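Just so it is clear, the model here is predicted, and its values are computed rather than measured. Numbering of ligands and ligand atoms starts at 1, following listing order. Reckoned from all heavy atoms, side chains included, excluding hydrogens, waters and symmetry mates.
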Amino acid sequence: MALDLHTHTRFSDGTTTPSQNAVLAKAAGLGGLALTDHDTLDGWAEQEATCRLQGLAFVPGIELSAEDGATSVHVLGYWVDPDDAALLAECGRLRDERSQRAQRILELLAGMGLEVAEQAVRDRAGPAPIGRPHIAQAMVDAGLVPDLPTAFDRYLADGGPAWVPKHALAPEDAVGLIRRAGGVAVLAHPGTVPERVGWTTLLVDRLVAAGMAGIEAEHAGHGPATMAYWRRVARERDLVVTGSSDFHGGRKDVALGASTTPASAVEALSDRRRPAALVAGDR
Ligand code: AMP
Ligand code: MN
Ligand code: MN
Ligand code: MN
């Protein structure tokens, strides 16, 4: 049995509901899935209930935004305590910051003669913390760009004319936050920035020192050579290898279950959970 350990819903920048993802996982023949929306746990209850009905394993997760300088780093956290005060505070802080950042991005766009209504962006985001994909979608809706990639290429991409960085945790602190919330941390899609492979390998060593448990070597955005490289990096450091689609519904052309993690690896990951008191003591 295999699980898809990285999926998104409308609670962040996916287009499907948590229940729909569970149904898709069942149809794909998976044994279960993780819900890893960006910086929120809001979809867990719905997906857990549907997984129970479908006889699927539900792995509660989050994809936490971190950054090192201007480089954004995504850290997956599994089995975190949904009542952990520090984790919830960081999610709330990121949500507020994303809201203010969206306003600044819209001001920059307006300065270039591109009028996008704030309400249109909020409607696109729905219950989710506002991300650039929601702004890009509102730009398409307003007829300002033909499609999402163009919105990013011309305006919203990192370093672009309407880009506003968000202030996120250092990657080590994201790993620590996840561990102190009783979860295990996995570096998401390490190979999606191929020109930074050396830097990212050094980042892995920093995160291993902070207690990271795994690497998402198998990702729909990694080619065969990239997967082989990150599998080797994981093996050499005794890290668990995970595989995932990073499903975003209709927002990306990747099917749920396109990459998966064997149940044995999910168990190995789960075995690396430690009580928060021990985590605090080993720092
Ligand atoms: P945000 O969290 O608001 O910074 O937005 C990050 C999301 O935007 C990522 O998870 C991607 O889905 C999307 N994204 C970032 N850069 C690009 C790009 N150059 N082209 C298309 N989508 C992008
Ligand atoms: Mn996303
Ligand atoms: Mn990501
Ligand atoms: Mn993701």
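With a 4.0 Å cut-off on non-hydrogen atoms, Asp153 does not touch ligand 1 at all. Here Glu67 has no heavy atoms under 4.0 Å from ligand 1, in either its backbone or its side chain.
Using cut-offs of 30° and 60° for the angle between ring planes, the His38 and His8 rings count as parallel.
Residue His189: no N/O/S atom is found under 2.8 Å from the Mn ion (ligand 4). Coordination check, Asp246 versus the Mn ion (ligand 3): failed, since every N/O/S atom of the residue sits at 2.8 Å or beyond. For a distance bound of 2.8 Å, the N, O or S atoms of His8 include one lying that close to the Mn ion (ligand 4). At least one N, O or S atom of His74, from either the backbone or the side chain, sits less than 2.8 Å from the Mn ion (ligand 3).
For the pair Arg124 (side chain) and Ala138 (backbone), a donor-acceptor distance under 3.5 Å is absent.
Comparing Pro165, Ser12, Pro133, Gly131 against atom 7 (C) of ligand 1, the shortest heavy-atom distance belongs to Pro133. Closest heavy-atom approach to atom 2 (O) of ligand 1 within the set Arg98, His189, His8, His248: this belongs to Arg98. Of the candidates Glu63, Arg132, His74, Lys252, Lys252 brings a heavy atom nearest to atom 11 (C) of ligand 1.
Ser245 and Asp4 are linked by a side-chain donor-acceptor pair at a separation below 3.5 angstrom, with hydrogens and angles left out of the test. Glu67 and Ser72 are not linked by any side-chain donor-acceptor pair at a separation below 3.5 angstrom, with hydrogens and angles left out of the test. Between the side chains of Asp123 and Gln119, at least one donor N or O sits under 3.5 Å from an acceptor N or O.
Atoms of ligand 1 lying under 4.0 Å from any heavy atom of Arg101, numbered from 1 in the order shown and given with element: 1 (P), 3 (O), 4 (O).
Surrounding CD of Glu267 are at most 12 heavy atoms belonging to other residues, nucleotides or ligands under 6.0 Å away.
The nearest heavy-atom contact from the protein to atom 14 (N) of ligand 1 is Phe152 CE2, 3.3 Å. The nearest protein atom to atom 9 (C) of ligand 1, hydrogens excluded, is given as Asp13 OD2, 4.5 Å; this is a heavy-atom distance.
At a threshold of 4.5 Å between non-hydrogen side-chain atoms, the residues Leu207 and Val175 count as touching.
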Legend entry - Evaluation steps, side chain to side chain contact (heavy atoms under 4.5 Å, CB included), between Ser259 and Asp246: CA-CA 9 Å; Ser259 294; Asp246 200 0; over 6 Å; no
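Between His189 and His74, a ring centre-to-centre spacing shorter than 6.0 Å is recorded.
For Glu63, the N, O or S atom closest to the Mn ion (ligand 4) goes by the atom name OE1.
Polar contact check, Lys166 against ligand 1: a nitrogen or oxygen pair lies under 3.5 Å apart.
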